[in-house]
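Heads up, the thing below is written out as C-alpha cells.
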There are 2 protein chains.
Amino acid sequence: MATLKDVARLAGVSVKTVSNVVNGYSFVKPDNRRRVEEALAATGYRPNLGARNLRRGRTGFIALVLPELSIPYFAELAGLVIAAAQEHEWNVLIEQTFGTLAGERSALEALGPHLVDAAIVSPEAVSDFQLEVPAVLLGEHEVDVPISRVGIDNVLAASTAVRHLISLGRRRIAAIGAHPQRGTAALRLEGYRAALEVEGLEFDPSLVVPALNYHRADGAAAMNSLLDMKNPPDAVFCFNDLLAVGAMRAAAERFVRVPQDLAVVGFDNNEESAYSSPSLTSIAPDKGAIARAAVDLLHRRVGVEEAGVENVQTPFSLQVRESTAP
Amino acid sequence: MATLKDVARLAGVSVKTVSNVVNGYSFVKPDNRRRVEEALAATGYRPNLGARNLRRGRTGFIALVLPELSIPYFAELAGLVIAAAQEHEWNVLIEQTFGTLAGERSALEALGPHLVDAAIVSPEAVSDFQLEVPAVLLGEHEVDVPISRVGIDNVLAASTAVRHLISLGRRRIAAIGAHPQRGTAALRLEGYRAALEVEGLEFDPSLVVPALNYHRADGAAAMNSLLDMKNPPDAVFCFNDLLAVGAMRAAAERFVRVPQDLAVVGFDNNEESAYSSPSLTSIAPDKGAIARAAVDLLHRRVGVEEAGVENVQTPFSLQVRESTAP
DNA sequence: CTGAAAGCGCTAACAA
DNA sequence: TTGTTAGCGCTTTCAG
C-alpha cells in the first residue's frame, strides 16, 4: 500500500504538495501537479482513512442504531440512510438492539467520538442515555434527554387511518399494538381515540389489544383474541404492517373475510404490503425523507458547539388498498 | 475525551503501564494496576479505535457488499452477519450495489485495507475485480477470480424443490427467474432440469420464464405470461421468494387458486413467506450458518499470507407450507 | 515489571 | 508555492 511519502518521493516533491493535490487544495504549480498525478496513478495511491480521520479528529462513520434488520421497516430505512450518508462521505455502521433495554444500552455505550461522528437512534426501551456525539432520534419513544427528532405526526397519521375506516361505515374498530412503554404506541393510540371522538363513536377499551412486540406473530395472536370476543370488531387498525399481516393471516385461518367482514389498516407501508392477498392499506411515511432529514441534520450539527434541539416533521400519506375496499 | 496520557498522569505511571492494563497484558504490579484502574474509572477512559487500529494496521471493520437492504433475504442475512461479526469485535459496514455493474464496481473499489479488514461480497454482475483484503463470496455468481465461497448446494436445493412438486402429482412445472448472467440462476435452472429428468418428465423450454430482477413485480409479470399460455402450468418453481410472492399475487388476481390450480415453491424462506395467504413453501437456507461461516472464514484468513480458496457448503431444508398442500 | 521514545499515515502550522 | 515538522492517540520495541 503506497503512502503519501512514497508518492512524494516518486514525484520528487514533498508530502505537503502531494497532500495538496490529493485534497484539491490551493494552487500547485502545474508542472508539480502533473508529476504528482502521475506518481499517484503509478502507485495506485489511496489515502488511509484511519490516519486522515485521526488527524482530522473525525471518523467518517455515523451509527444507525435500530432494533433489527429483519424488520422490513428498518431494513428499508437503513438502505435509505446508507444512500443519504454517502452524499456526505459517511459510511454507516449498523447496530442492532433487538428492542431490549440491555441491547440499546450496550449499543449506545459502544458509540463514542472516536468510533462515529454522529448517530441516528431508533430506541424502544431506553429512557436516559448520553451520547458524546450529535444524535437524532427516529420515532416518538420518550426519553429524558433533550434531543432532536425526525418523524411523522403519529397522532395525525393514526387518526387519518381510523377515520378512513369510519368513512367506510365501520363502527367497531379495534386497535392492535398498545404498549405501556412505547411513546410511539401512545401517540398512535391517541390518534385512534381522537378519530373516534371526532366521528362521534364511543371508545371501547376492550377493543384495544396490547402487543409486546410488533412482529407478525403478535398481530396474529392479537387478532385471535379479538375474534374470540362475543362481539368482534368489523375493522382493525394495526400499529404497524407486520402486526397487520399477522392479523390478516389469523383472520384467513378462521375464514373471516378481509375486507368484507373485517377491514384492516397497517402502518409503515412495507414493500410487501402491496403484494399480500388482500393487499394492505397502510399509512406510508416518506422513508426517504426521514433518512435524508436525519442525515442532513447531523451533518449540520457535527463540529458545532451549540447543541439545540430540532424537530423535523416529514410527510406521510395513506395508501388505500384492498384490505379496506368499500 | 480522556487519552491514555491523561490516565497515566492521573495514576502517576507511564502510558505503557496503562496500555498494559487496558489490553490485559503481562504482569502489572498490583498496586499500579489498582491505581490505573481507578484513574481509568475516574476519567471514563475509552480507547480511540482509530488510533489503535492505525497502529495495529487493522481497521476493526468488515464490509458487507450486497444488492439492497430492502430485499428481505439480504436484510435478514445482514442482521445475522452483524451478530456474527460482533463475536470477533468487528463492526460491519454495509455497501449497497443495487445489483448493477457500476454499483458493484464502485462499492468494491471503495474497499481497501485501510477501510476494512475483510469483505463479504454478494455479487450479481461483476465478473472480474481485485480486492486487497481477504474476501468471501456469497452465492454462486461466476467470477474470474479464485475466491472462497459460502453457500448452499443450489443444484440440489432446486431439484429438491422441483421433485417436491412432482411428488404432489404436478406435471407441467414452470420455472421463474432464469437469467443469462447470473450463476445462481443457472444452477437453479440446472437443478430444475435435473429433477425433471430424474422423474422422467420432459423439459419444456416455454415453461422457463426469465426475470431481469428478482423483485415481486418481476414475479407477477412472469406469472401473467405463464397464465396467458394456452396450456398453463400446474406448478411453478420460483428462484426466490419475492418472485413467488409476486407470482401468487398475479394468480390471485386472475382467480387461479393456489395450491389447487397451481402449486408454488419459492427459494430463500423469507420471514414473510410463513404469513402470506396461502403461506409459501420454500427452500430454506440456514442463513445463520451462512453468516457465521463467512465471518469465521474471514477471521481465519485475515493477517495470513497464503490466500487459498475454500468452499463452505451450508445446510438447507425444504419448508413445506400451504402453497404446495396436496 | 515499567519508562522513554519511535512511529503508524496523514494534515496543518509555520517557514522559506 | 512548497518544504519541514509537529503531533492526532495508540502500541511496541528497547532499555532499565
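Residue numbers begin at 1 in each chain, while the letters A, B, ... track the order of the sequences. Computed from a prediction, not measured in an experiment: that's the story for all the values here.
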For [N], take OP1 and OP2 only and decide whether either is under 4.0 Å from a side-chain N or O of [X].
X       : N      : value
B/Asn23 : D/dT11 : yes
B/Asn20 : C/dC1  : no
B/Ser14 : C/dG3  : yes
A/Arg52 : C/dT11 : yes

Open item on the list: Looking only at the side chain of A/Leu54 (C-beta and beyond, no hydrogens), which of the listed nucleotides D/dC8, D/dT2, C/dC10 gets closest?
Closed with: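 Nearest to the side-chain atoms of A/Leu54, counting from C-beta on, is D/dC8.
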- [ ] Select one nucleotide: of D/dT11, C/dC10, C/dG3, the one nearest the side-chain heavy atoms of B/Val13.
- [x]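 The listed nucleotide nearest to B/Val13's side chain is C/dG3.
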Return the polar atom pairs (N/O with N/O) between nucleotides 12-14 of chain C and the protein under 3.5 Å, or none.
residue, atom, partner, partner atom, Å
C/dA12, OP2, A/Tyr25, OH, 3.3

TODO: Find the bend of the helix from C/dC1-D/dG16 to C/dA16-D/dT1 as the angle between its two terminal axes (five pairs each), to the nearest 10°.
DONE: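 Comparing the first five pairs with the last five, the axes sit 40° apart.
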- [ ] Provide the closest heavy-atom pair for A/Val133 versus A/Val116 in the form atom of the first, atom of the second, distance.
- [x]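 Result for this residue pair: CG1-O, 3.4 Å.
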- [ ] Please report the shortest heavy-atom distance between B/Ala291 and B/Ala84, naming the atom on each side.
- [x]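 So the two residues come closest at O-CB, 4.2 Å.
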- [ ] Find which nucleotide of DNA chain C each of B/Thr17 and A/Leu49 is nearest to by heavy atoms, and output the residue with the more 5' nucleotide.
- [x]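 Comparing both residues, the 5'-ward one is B/Thr17.
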- [ ] Could you please spell out the steps behind the salt bridge (charged side-chain N to carboxylate O under 4.0 Å, His left out) verdict for B/Arg182 and B/Glu142?
- [x] CA-CA 7 Å; B/Arg182 293 193 191 166; B/Glu142 297 272 345; over 6 Å; no
TODO: Determine the contact category for B/Asn53: base if any of its heavy atoms lies under 4.0 Å from a base atom, sugar-phosphate if only primed atoms, P, OP1 or OP2 are that close, otherwise nothing.
DONE: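 Since no nucleic acid heavy atom lies under 4.0 Å of B/Asn53, the category is nothing.
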